[in-house]
Amino acid sequence: ALSITTTGTTTGETGEGDGIYAKNSGTSLTVNAADVVGYYNGIYADNDGEGALNITSTGKIITAIEDGISANNSASGTDLTIAAVDTYGGDSVGSGIDAKNYGSGALSITTTGTTTGTADDGIVANNSSAGTDLTINAATTTGADEGIEAINIGTGALSITTTGTTTGETDDGIFAVNSSAGTDLTINAATTTGNENGIEADNYGSGALSITTTGTTTGTAYDGIAVVNSSAGTDLTINAATTSGADDGIYAYNFGSGA
């Protein structure tokens, strides 16, 4: 196993330097970090081992060029788990958090502070067909493209919960796709704003599609909430507070077998 723990500030300043670069071919890969400053990535973690990839940050992660946290869990791995406070991606091609799970377990991202993708998405999460659930619990998230982008090709459920403001400056506030291998798609959101749609969700899984909003949801160019439940799905349920769109406030199309 590879384990890294830092309690002060860790800095990688020039060239392609990362604040923390961790590559594992053993069993598990674990990073517990306080403040991290990177030039290329803040934290770059690539797990080729047979165990889990876990990243926990208790401070602020900042980088100049690419991702605040870049996490890749290979097909040999199991779960990919990220718990972060404040994370900022770089000005060139950077997302706040970029997580790719090719392992056999679940992908989970939890943020309690501010996550910013200065040049790309605030949070982008991809769960492969080898994985199970994809779960995101986020506080405040801003992306130059999408606030939160979540693609679940795994065999489990896709769940997104936000407690702060989620903003997609050029695309959607929240963009979520659950593939035919998945089950339910559930979004519980506070305030969400997208330059295109506020929330866009497409469920091709075998379960229900559920959207609940407690704040204001705004789609500046298109719809406030735009959701499609495919014929493989069951129920489509929307419980919304204030919602506005340049086209439709709420666009909902249910091909599923439920209500």
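Values below: all heavy atoms of this structure, side chains included; hydrogens, waters and symmetry mates excluded.
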Report summary line: When Thr212, Ile211, Thr214 are each screened for side chain to side chain contact (heavy atoms under 4.5 Å, CB included) with Asn188, the one that passes is Thr212
Query raised in the report: Is there a side chain to side chain donor-acceptor pair (under 3.5 Å) between Glu66 and Tyr40 once you walk through the steps?
Result: CA-CA 5 Å; Glu66 203 160 289; Tyr40 205 70; 3.3 Å; yes
Requested in this report: Apply side-chain contact (heavy atoms from CB on, under 4.5 Å) to the pair Asn197 and Phe175, showing each step before the final yes or no.
Outcome: CA-CA 8 Å; Asn197 300 293; Phe175 175 73; over 6 Å; no
Query - Within 6.0 angstrom of Glu169 CD, more than 12 heavy atoms from elsewhere - result: yes
**Report entry** Same apolar cluster (I L V M F W Y, side chains within < 4.5 Å links), Ile136/Ile225
**Finding:** yes
Query raised in the report: Are Tyr204 and Ile151 grouped together when hydrophobic residues (ILVMFWY) are joined by side-chain heavy atoms under 4.5 angstrom apart?
Result: yes
Query - Under 3.5 Å: donor-acceptor pair, side chain of Thr27, backbone of Gly49 - result: no
Query - Transitive ILVMFWY side-chain link Ile199 to Ile250, under 4.5 Å - result: yes
Query raised in the report: Is it true that a side-chain atom of Thr220 and a backbone atom of Gly194 form a donor plus acceptor pair closer than 3.5 Å?
Result: yes
Requested in this report: Could you give me the CA-CA distance, side-chain angles and deciding distance for Val93 and Asp120, then say whether side-chain contact (heavy atoms from CB on, under 4.5 Å) is met?
Outcome: CA-CA 6 Å; Val93 291; Asp120 207 331; 5.5 Å; no
Query - Residue pair Asp48 / Asp46, side-chain heavy-atom distance below 4.5 Å - result: yes
Report summary line: From the list Thr193, Thr191, Thr142, Thr114, side chain to side chain contact (heavy atoms under 4.5 Å, CB included) with Thr165 holds only for Thr191
Requested in this report: Report the C-alpha distance between Thr170 and Asp145 in whole Å, list the side-chain angles of each, state the deciding distance to 0.1 Å, and finish with yes or no for side chain to side chain donor-acceptor pair (under 3.5 Å).
Outcome: CA-CA 5 Å; Thr170 58; Asp145 291 338; 3.2 Å; yes
Query raised in the report: Between Thr78 (side chain) and Ala52 (backbone), is there a donor-acceptor pair under 3.5 Å?
Result: yes
Report task. Would you check if the side chain of Thr10 reaches a backbone N or O of Val36 as a donor-acceptor pair within less than 3.5 Å? Result -> no
Query raised in the report: Under 4.5 Å between any side-chain heavy atoms of Leu236 and Val227, yes or no?
Result: yes
Query raised in the report: Between Asn47 and Ser74, is there a donor-acceptor pair closer than 3.5 Å when you use the side chain of the first and the backbone of the second?
Result: no
Query - side-chain contact (heavy atoms from CB on, under 4.5 Å) assessment of Leu80 paired with Tyr102 - result: CA-CA 9 Å; Leu80 195 172; Tyr102 301 99; over 6 Å; no
Query raised in the report: Listed by chain and number, what are the salt bridge (charged side-chain N to carboxylate O under 4.0 Å, His left out) partners of Asp98, not counting sequence neighbours?
Result: Lys100
Requested in this report: May I have the step-by-step check of side-chain contact (heavy atoms from CB on, under 4.5 Å) for Ile69 and Ile82, ending in yes or no?
Outcome: CA-CA 9 Å; Ile69 296 174; Ile82 298 172; 4.1 Å; yes
Query raised in the report: Can Leu2 be reached from Ile20 by stepping across I, L, V, M, F, W or Y side chains whose heavy atoms are under 4.5 Å apart?
Result: yes
Query raised in the report: Within the side chain of Asp79, is there an N or O that forms a donor-acceptor pair under 3.5 Å with the backbone of Ala106?
Result: yes
Report task. Give, for atom OH of Tyr44 and atom CD1 of Ile55, the distance between the pair rounded to the nearest 0.5 Å. Result -> 11.0 Å
